[in-house]
Amino acid sequence: MRDLPKTFDHLEAEPRLYREQEEAGLFKPAGEGEPFSIVIPPPNVTGSLHVGHALNNTLQDILCRYRRRQGRKVLWQYGVDHAGIATQMVVERQMAERQEPHRRDIGREAFVQKVWEWKAESGGMIKNQLKRLGASCDWSRERFTMDEGLSAAVRKVFVQLYREGLIYRDKRLVNWDPKFQTAISDLEVENREVNGKMWHFAYPLEDGEVDGIKEIVIATTRPETMLGDGAVAVHPDDERYKNLIGKKVRLPIVDRLIPIIADEYPDPELGTGAVKITGAHDFNDFEVAKRHDIPLIVLMDEEARIIATEENGVPERFHKLDRFEARERVVKEIEELGLLRGIEDKLIMQPFGDRSGVVIEPMLTDQWYVDAKTLAGPAIEAVNSGRTKFVPENWSKTYFNWMDNIEPWCISRQLWWGHRIPVWYGPDGTPFCAEDEAEAHRLATEHYDGEAVDLVQDSDVLDTWFSSALWPFSTLGWPEDTEELREFYPTAVLSTAFDIIFFWVARMMMMAMHFMGEVPFRTVYIHALVRDEHGQKMSKSKGNVVDPIEYMDEFGADPLRFTLASQATQGRDLSLSKQRVEGYRNFRTKLWNAARFLQLRSVPITDEEIDPHTFELPLNRWIAHEGAKMAGEVSRALDDFRFDEAASAIYQFAWGTFCDWYLELSKPILDEGDEAAQAETRKAMGAALKTILICLEPFMPFVTRELYHAMNEGKKTIDDQRWPASSFADDGAAGEIAAAIALISEIRSARTEVNVPVAAKLELVAVDAPDQVKALLDAQAPAIKRLARIETITHASEPPKGSVQIVSGGVTYALPVADVIDLKAEMERLAKAIGKTEGELKKANGKLSNERFVANAPAEVVEQERERVAAFTAELEQLQAAKARIEAL
RNA sequence: GGUCGCGUAGCUCAGCGGUAGAGCACUCGCUUCACACGCGAGUGGUCACUGGUUCGAUCCCAGUCGCGACCA
């Protein structure tokens with residue numbers, strides 16, 4: 001044993017203990033056990049640890065460490081993704097800060113080179129933060145989505161899907177980010193409610209007046225788009241416009257005739273019931289325009305500036321105007337034309353790019369798409385058939401909901417950082433999709449009848465999620481047929497927050513089913529989102545962002561981990577408060593001090609397999625019983641992903657059972673017991689601590705390790721230990737110690753309530769105790785005396801006059817306190833106890849007197865109620881007798 | 001508007017047909033020889049509301065009110 005310092009210095013110890021584990025190679029898959037694998041949801045290469053990562057990775061780490069203790073061969077696959085937009089943005093910003101030339105000036109190749117340099121320098125931050133947290137990933141297997149192997153997987157997947165017709169090029173509306181000048185995913189768009197306006201414009205009818213109507217008034221929140229209107233739509237059942245359908249209106253400013261069409265889309269209740277249709281700049285309008293073959297008129301360039309072209313007929317004066325300037329200009333001109341019919345303030349939903357923060361523009365562009373609908377089929381089936389399970393189960397609904405309504409997946413991005421689309425174009429624009437340029441040339445040569453031509457590669461890159469979708473198998477070596485793939489695929493668990501079920505689960509499932517023919521993970525564990533202590537979503541603007549690093553600085557990684565685990569319930573939200581972390585820091589300290597107590601009493605941890613069946617003392621059998629029960633509860637809870645229940649079971653046992661009772665009850669034995677009893681108690685105590693440390697290690701890997709190795713007298717380390725057995729049980733010993741604890745608690749409580757001075761040592765008189773109780777009192781006398789401050793334990797047939805009386809386990813006990821008794825307090829105490837017992841009795845009797853209860857309730861419930869009545873009746877009688885004796889004084 | 005979820009102790013949350021729980025906070029004691037980041041004893045709840053099912057509802061069902069998230 002090595003002497004434990006008075007306190008645990010987490011700032012010194014945690015890095016040291018981490019290094020120790022890492023250097024010992026503990027994080028690599030080992031042994032011959034059944035494989036257990038988790039792929040980390042790859043953090044962004046630009047990322048730094050936020051509290052959501054802390055939660056997710058703590059939970060994954062708990063699972064991995066727990067399974068290692070069970071002898072499983074564990075692989076926790078680490079890696080990061082290249083985060084196309086985010087990374088390009090970071091590097092561009094850095095270049096701007098350094099006043100370096102813009103990326104367009106240095107060219108694609110040089111820019112990509114710069115990104116790699118940036119990655120080498122700054123891309124490893126989150127890894128070190130995860131290490132601080134204690135994450136036991138196999139760092140030696142780190143992967144990056146832009147690695148050669150993973151890139152080869154991307155190319156292979158693209159080419160195959162292309163050849164299967166599941167990847168195609170299409171002209172559709174996309175979410176266009178004018179700042180980054182790229183398409184972005186729906187999921188990267190944040191819809192926010194903002195104060196906007198609704199403008200009402202009048203479009204004059206071509207034919208002057210029809211049925212007394214000269215114009216149609218439309219309402220819009222985006223006046224500038226009227227320049228691209230291709231039609232005005234009204235509901236077919238809208239009486240107001242029935243006669244106008246098929247007629248034309250003259251579009252002001254542009255002076256174009258556009259038709260009035262009938263479509264279900266306009267809501268007659270809203271506004272005037274007539275809507276303008278701008279097919280090229282609005283998602284709903286796009287659908288309407290397609291249905292009616294309305295021309296799609298493109299109004300803007302990549303920076304969302306208005307362009308005036310021959311095709312779109314926009315007047316030259318609008319050319320290169322920013323969309324918001326154009327808006328003012330349009331409104332002004334409409335007003336000047338006398339066609340402005342009103343302006344109202346309105347809350348409108350506006351789409352913003354989640355990274356750029358600018359208003360997203362629906363744009364008609366050529367992009368590459370994956371036929372997600374086709375790929376979704378097997379992915380849905382995999383969850384339907386239970387081959388992949390969601391925990392908690394109801395998240396599968398969200399998954400199905402998303403999958404059932406899945407849209408074509410736009411995978412091209414107008415960026416430089418990412419996997420370049422493996423398509424080359426011939427001089428006439430014919431595409432050749434191939435895994436490399438040489439193959440593309442072969443295809444081209446074949447196509448052009450042997451003629452060698454110049455090919456130009458598509459300039460776009462793929463969505464980051466295209467490569468991330470392959471993560472569960474590409475990290476294991478696919479498309480090569482590797483040992484790891486055979487051993488660790490499918491993985492056991494994917495752990496993630498519900499807000500990215502779509503990002504992650506859906507895409508990984510689709511790709512895995514298509515290319516592996518097997519699910520990527522058996523279980524999808526969905527954890528809550530971390531919020532602040534008031535349940536508010538954390539956001540930088542609110543300033544309530546919790547930095548896990550700060551908590552680790554102040555309290556250490558162990559308490560943070562334990563807090564997160566104990567809060568990981570099945571709910572959607574998790575409120576993290578500093579006080580809670582502090583509370584579990586206290587728990588760590590409690591454990592530390594308990595270990596110091598063991599040291600003081602020369603109790604080590606040994607390699608010896610201690611069989612509790614050999615224990616003679618009920619106290620030791622009891623702690624073994626309770627320890628085994630706890631270990632069983634923790635395993636069951638972890639098997640069910642109930643991290644909160646697991647944490648609670650350990651906490652209760654370590655603090656509530658081991659420290660509060662076992663250590664206290666064992667003190668008299670260690671002080672005064674005979675040699676055999678002392679030896680046995682030391683053994684049991686060491687074994688109990690060992691159980692705690694092993695079960696707690698997945699949650700608090702640092703302090704448990706430090707304690708284990710300081711206390712260890714054997715050759716084995718905590719890493720050589722297996723998860724504790726949960727088979728031992730001794731209900732007899734458990735009952736005996738529970739009875740002693742109940743009695744001690746009753747005595748303590750009574751003492752306090754009648755204001756017996758703390759230091760006063762009392763006599764305990766057991767009244768008419770049966771032999772069994774006498775034996776128990778005899779056996780537990782030293783403990784009762786010490787913990788309840790009792791001088792002597794005697795027996796009598798009547799309580800001495802002037803006693804405080806308590807009823808415990810069906811026996812009346814008296815504490816003669818003649819001169820110190822507070823009669824009033826004692827009366828109140830007994831009255832309260834009587835009242836409570838009466839209440840219970842009444843409730844139980846009420847049930848039993850209900851014929852239908854007796855007839856319908858299960859027999860054991862009725863029997864239980866009868867037993868309760870008997871017990872309460874006896875207790876009530878004893879309490880009333882006690883009260884009568886006080887009254888007689 | 002659609003979908004999902006939530007209203008349990010002052011706060012943050014478990015529980016979920018048969019005796020209401022935890023942590024923190026709060027109150028009162030305590031320099032008890034591991035620990036004041038502690039020890040001991042307590043206070044605190046018509047389990048949102050209204051109906052229904054049931055022998056029995058905090059738990060199941062329906063509705064109402066309030067809150068939230070996601071999707072339109």
Side-chain angles (χ1 to χ4, degrees), chain A residues 4 6-8 186-187 191 267 283-284 349 392 394-395 397-398 400-402 405 498-499 501-502 528-529 531-537 555 559 562-563 566-601 603 642 644-645 647-649 651-652 655-656 659-660 663-664 667 671 744-759 786-789 832 836-837 839-841 843-844 846-858 860-862 864-865 867-868 871-872:
Chain A
L4 285 168
K6 194 148 189 202
T7 54
F8 176 69
D186 285 349
L187 303 162
N191 288 297
D267 180 350
F283 287 98
N284 290 316
M349 289 299 277
N394 55 330
W395 287 112
K397 278 188 199 161
T398 308
F400 287 133
N401 190 39
W402 166 259
N405 299 302
F498 67 79
D499 57 340
I501 288 181
F502 315 131
L529 285 184
R531 294 167 186 278
D532 75 3
E533 59 206 300
H534 305 295
Q536 294 289 306
K537 205 169 180 175
F555 302 114
F562 202 87
T563 305
S566 73
Q567 299 267 89
T569 62
Q570 306 244 302
R572 303 183 154 221
D573 301 324
L574 180 167
S575 295
L576 186 63
S577 77
K578 184 171 168 174
Q579 282 184 323
R580 190 119 181 180
V581 184
E582 199 177 352
Y584 291 122
R585 185 274 317 266
N586 297 350
F587 173 55
R588 181 188 63 193
T589 307
K590 182 74 182 175
L591 193 68
W592 184 264
N593 284 314
R596 285 177 60 224
F597 172 76
L598 264 66
Q599 266 199 346
L600 208 73
R601 301 302 183 118
V603 178
R642 290 305 306 256
D644 57 326
E645 291 178 354
S648 160
Y651 184 94
Q652 298 294 351
W655 198 324
C659 291
D660 286 349
L663 293 185
E664 296 304 328
K667 279 175 184 175
D671 287 345
I744 291 166
S745 297
E746 295 276 7
I747 297 171
R748 283 171 165 177
S749 183
R751 286 179 62 120
T752 309
E753 284 183 54
V754 300
N755 305 311
V756 175
V758 176
R786 184 157 174 152
L787 298 192
R789 300 214 152 234
K832 201 171 121 192
K836 202 176 154 196
T837 308
E840 296 293 350
L841 189 57
K843 258 205 271 186
K847 281 190 182 182
L848 286 172
S849 61
N850 181 345
E851 280 169 34
R852 288 177 306 175
F853 171 75
V854 180
N856 292 314
E860 63 265 27
V861 172
V862 176
Q864 188 191 316
E865 246 13 80
E867 282 167 15
R868 295 183 68 214
F872 288 137

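Below, chain A is the first sequence line, B the second, and so on; all start at residue 1.
- Among the protein residues, W395(A) comes within range of no part of the nucleic acid, since none of its heavy atoms lies under 4.0 Å from any strand.
- The side chain of F853(A) lies closest to C55(B) when the candidates are C55(B), A34(B), G15(B).
- Counting only heavy atoms from C-beta on, R748(A) has its side chain closest to A41(B) among C35(B), G42(B), A41(B).
- Side-chain contact annotation: T563(A) with Q567(A), donor-acceptor N/O pair under 3.5 Å absent.
- Checked by distance alone, E664(A) brings a side-chain donor or acceptor within 3.5 Å of a matching partner on the base of A34(B).
- The minimum heavy-atom distance between E664(A) and D660(A), with the atom names listed, is CG-O, 3.3 Å.
- Distance from the side chain of Y651(A) is smallest for G23(B) among the nucleotides A34(B), G42(B), G23(B).
- Of the listed nucleotides (A25(B), C37(B), C35(B)), A25(B) has the atom at the smallest distance from the side chain of Q579(A).
- Side chain of N394(A), nearest nucleotide from U43(B), A41(B), G5(B): G5(B).
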Per-nucleotide pairing state of RNA chain B [Watson-Crick or G-U, under 3.5 Å; [ ] pseudoknot-crossing; | other strand]
((((((((.[[[[.)..(..]]]].(((((.......))))).....[[[[[..)....]]]]]))))))).
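- Set against C55(B), G42(B), A22(B), the side chain of Q652(A) has A22(B) as its closest nucleotide.
- A close approach under 4.0 Å does not occur between any side-chain nitrogen or oxygen of S577(A) and OP1 or OP2 of C11(B).
- Scanning atom types as modelled, one donor and one acceptor separated by under 3.5 angstrom connect the side chain of K590(A) and the base of C35(B).
- Picking from G40(B), A34(B), U32(B) the nucleotide with the shortest atom distance to the side chain of D660(A) gives G40(B).
- Looking only at side-chain heavy atoms (C-beta outward), V756(A) and R789(A) stay at 4.5 Å or farther from each other.
- Side-chain atoms of F872(A) lie closest to U19(B) of the nucleotides U32(B), U19(B), C24(B).
- Residue-to-nucleotide proximity on RNA chain B shows that, of N593(A) and R868(A), the 5′-proximal contact is made by R868(A).
- Checking A34(B), G23(B), G18(B) against the side-chain heavy atoms of R580(A) singles out G23(B) as nearest.
- Closest to the side chain of K843(A), from the set C39(B), A20(B), G18(B), is A20(B).
- The gap from the C1' atom of G45(B) to that of U58(B) amounts to 11 Å, rounded to the nearest Å.
- Checked against ring pair (Phe, Tyr, Trp, His ring centres under 6.0 Å), Y651(A) has the following partners two or more places apart in sequence or in another chain: Y584(A), F587(A), W655(A).
- With rounding to whole Å, Q567(A) atom CD is found 16 Å from C11(B) atom P.
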